[in-house]
Amino acid sequence: MIEARHLRVLRAVAGTGSFSAAARELGCTQPAVSQQMKALEQSAGTPLLIRTGREMRLTQAGEALVRHAAGILAGLTAAEEEVAAIAGLRAGRVRLVSFPSGSSTLVPTALAAMRAEHPGTRISLVEAEPPRSVEMLREGDCDLALAFRYGGADHSAAEWDDLVVRPLLTDRLVGLVPQGHRLAGAERVGMAELADEPWIAGCPRCRRHLVDVCEDAGFTPRIDFATDDYPAVVGLVGAGLGVAVLPELAVESVRAKGVSTVAVEPAVEREVVALTLPDLARVPAVAATLAELERAAAR
């Protein structure tokens, strides 16, 4: 019989590439990892790893088992959390991953409400942009992901078909120009009016979308600077080094010193959502966190 603890060890070995690195990640000894892998191979009835010197590779059977492990472990986590909540043994645990502007706007309000209503619930937070955050959810490295996607070329109807999708809000992009810029104070600005400007771009997904939007307006943006750090984008614009477009959530989370915001046309929007796996959506602590994120977004 394959045990969950053995699957966790296999995923750690596959992810790190060695017994010693897996032991460090799991907080145990290398011999313990080796013993559990031997036990798993005995249960499976076939080798799962090929050991060649210091290199370690998965066999075909090992790859198949790792592929199924995330779903199996997510189902077990859902069962453990739901049973524990029903039995009143503990309130639960939620591992949340969010993109930065969500972390600084929606997440604090939601987590403060969770702490007030469910003080026994443990919530951890790490930051990652989509699509990495969505990969983390599918790989079993988090329980709940705050993510976004743009329409048009960035949007695939089947992108999240295997997940529970909870829409939170529509986040409109706004233009940022230096305060002394010729368009500062304008009520609305067409994207084509910024064709000759140097640009400061954001995260890779936002950067790709910026290029698409500009090309739809008839030009290719000259991107002089690119950074995932929103305060850095605002600082560069404020210093007169270029223009940018940022989501309203990002502007809300940053002190926009030396910068004027303008509405851009055509309107560009992104959909902000909370994502989880179907099994995890039934876990009380995850469901409660989802509800608080919805309330935070509605404020």
Side-chain angles (χ1 to χ4, degrees), residues 97-103 105-106 127-138 145-161 163 165 167-178 181-184 186-237 241-254 256 259-275:
V97 60
S98 172
F99 55 95
S101 58
S103 298
T105 53
L106 301 177
E127 287 190 341
E129 298 273 2
R132 178 55 193 147
S133 56
V134 183
E135 292 171 0
M136 290 173 67
L137 178 63
R138 289 193 175 108
L146 215 59
F148 64 85
R149 62 182 171 187
Y150 294 97
D154 187 64
H155 178 88
S156 168
E159 183 181 15
W160 296 331
D161 274 0
L163 304 174
V165 181
L168 297 179
L169 55 85
T170 298
D171 193 17
R172 183 167 179 163
L173 271 64
V174 295
L176 272 66
V177 299
H181 192 273
R182 60 187 173 83
L183 295 174
E187 186 174 340
R188 295 187 180 279
V189 172
M191 290 295 291
E193 296 180 71
L194 300 169
D196 296 327
E197 301 286 344
W199 284 83
I200 293 100
C203 73
R205 173 168 276 200
C206 299
R207 206 172 306 154
R208 289 195 302 271
H209 191 67
L210 169 66
V211 172
D212 291 339
V213 169
C214 290
E215 288 181 346
D216 287 343
F219 70 98
T220 299
R222 191 191 95 202
I223 298 174
D224 283 1
F225 304 99
T227 172
D228 294 350
D229 185 62
Y230 290 132
V233 172
V234 172
L236 290 166
V237 174
L241 296 173
V243 300
V245 290
L246 284 182
E248 287 181 324
L249 276 183
V251 176
E252 181 183 334
S253 67
V254 177
V259 168
S260 293
T261 59
V262 294
V264 293
E265 291 184 340
V268 182
E269 297 175 337
R270 65 177 184 176
E271 178 189 13
V272 177
V273 302
L275 304 170

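Both backbone and side-chain heavy atoms feed into the values below; hydrogens, waters and symmetry mates do not.
- Atom OG of Ser101 is separated from atom CG of Leu246 by 9.0 Å, given to the nearest 0.5 angstrom.
- Looking at every heavy atom in both residues, Leu146 comes nearest to Phe99 through O-CD2, 3.4 Å.
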Which atom pairs, donor and acceptor, lie under 3.5 Å between side-chain atoms of residues 128-137 and protein residues at least two apart or in another chain?
| unit_1 | atom_1 | unit_2 | atom_2 | d |
| --- | --- | --- | --- | --- |
| Arg132 | NH1 | Glu135 | OE1 | 3.2 |
| Arg132 | NH1 | Glu139 | OE1 | 3.3 |

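- Note that CZ of Arg205 and CZ of Phe148 are 6.5 Å apart. Values are rounded to the nearest 0.5 Å.
- In this structure Val213 satisfies the side chain to side chain contact (heavy atoms under 4.5 Å, CB included) test together with Met191, His209, Val268, sequence neighbours excluded.
- Between Val245 and Gly175 the shortest heavy-atom distance is CG1-CA, 4.0 Å.
- Applying the side chain to side chain contact (heavy atoms under 4.5 Å, CB included) rule to Ala186 yields the partners Val189; only residues at least two apart in sequence or on another chain are considered.
- In this structure, Asp228 has no side-chain hydrogen bond (donor to acceptor under 3.5 Å, both in side chains) partners at least two apart in sequence or on a different chain.
- Scanning for salt bridge (Lys or Arg N to Asp or Glu O under 4.0 Å) contacts around Asp216 gives an empty result, with sequence neighbours left out.
- Here the shortest heavy-atom pairing between Arg207 and Gly202 reads NH2-O, 2.7 Å.
- Here Trp199 contributes atom CH2 and Leu176 contributes atom CG; the two are 10.0 Å apart, rounded to the nearest 0.5 Å.
- Residues forming a side-chain hydrogen bond (donor to acceptor under 3.5 Å, both in side chains) with Glu127 (at least two apart in sequence, or on another chain): Ser103.
- Counting only heavy atoms from C-beta outward, the side chains of Tyr150 and Cys206 approach each other to under 4.5 Å.
- For Glu265, the salt bridge (Lys or Arg N to Asp or Glu O under 4.0 Å) partners two or more places apart in sequence, or in a different chain, are Arg188.
- Here Arg138 pairs with Asp162 under the side-chain hydrogen bond (donor to acceptor under 3.5 Å, both in side chains) rule; sequence neighbours left out.
- Listed here is the closest heavy atom pair of Leu183 and Val262: O-CG1, 3.7 Å.
- Summarising the geometry, atom CD belonging to Glu252 is positioned 9.0 Å from atom CG belonging to Asp171; distances are rounded to the nearest 0.5 Å.
- The distance from atom CG of Leu210 to atom CZ of Arg208, rounded to the nearest 0.5 Å, is 12.0 Å.
- For Glu197, the salt bridge (Lys or Arg N to Asp or Glu O under 4.0 Å) test picks out Arg182, with sequence neighbours left out.
- Asp224 is linked by a salt bridge (Lys or Arg N to Asp or Glu O under 4.0 Å) to Arg222, counting only residues two or more places apart in sequence or in another chain.
- Between Pro178 and Val243 the shortest heavy-atom distance is CD-CG1, 4.4 Å.
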**Message:** Working note: Val259 + Val254, criterion side chain to side chain contact (heavy atoms under 4.5 Å, CB included); need CA distance, chi angles, decisive distance, verdict.
**Reply:** CA-CA 11 Å; Val259 168; Val254 177; over 6 Å; no

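- Counting heavy atoms from C-beta on, the side chains of Thr220 and Cys214 never come closer than 4.5 Å.
- In this structure, the separation between CG on Asp196 and CZ on Phe219 is 8.5 Å, given to the nearest 0.5 Å.
- Remark: Glu269 pairs with Thr170, Arg172 by the side chain to side chain contact (heavy atoms under 4.5 Å, CB included) rule, at least two apart or across chains.
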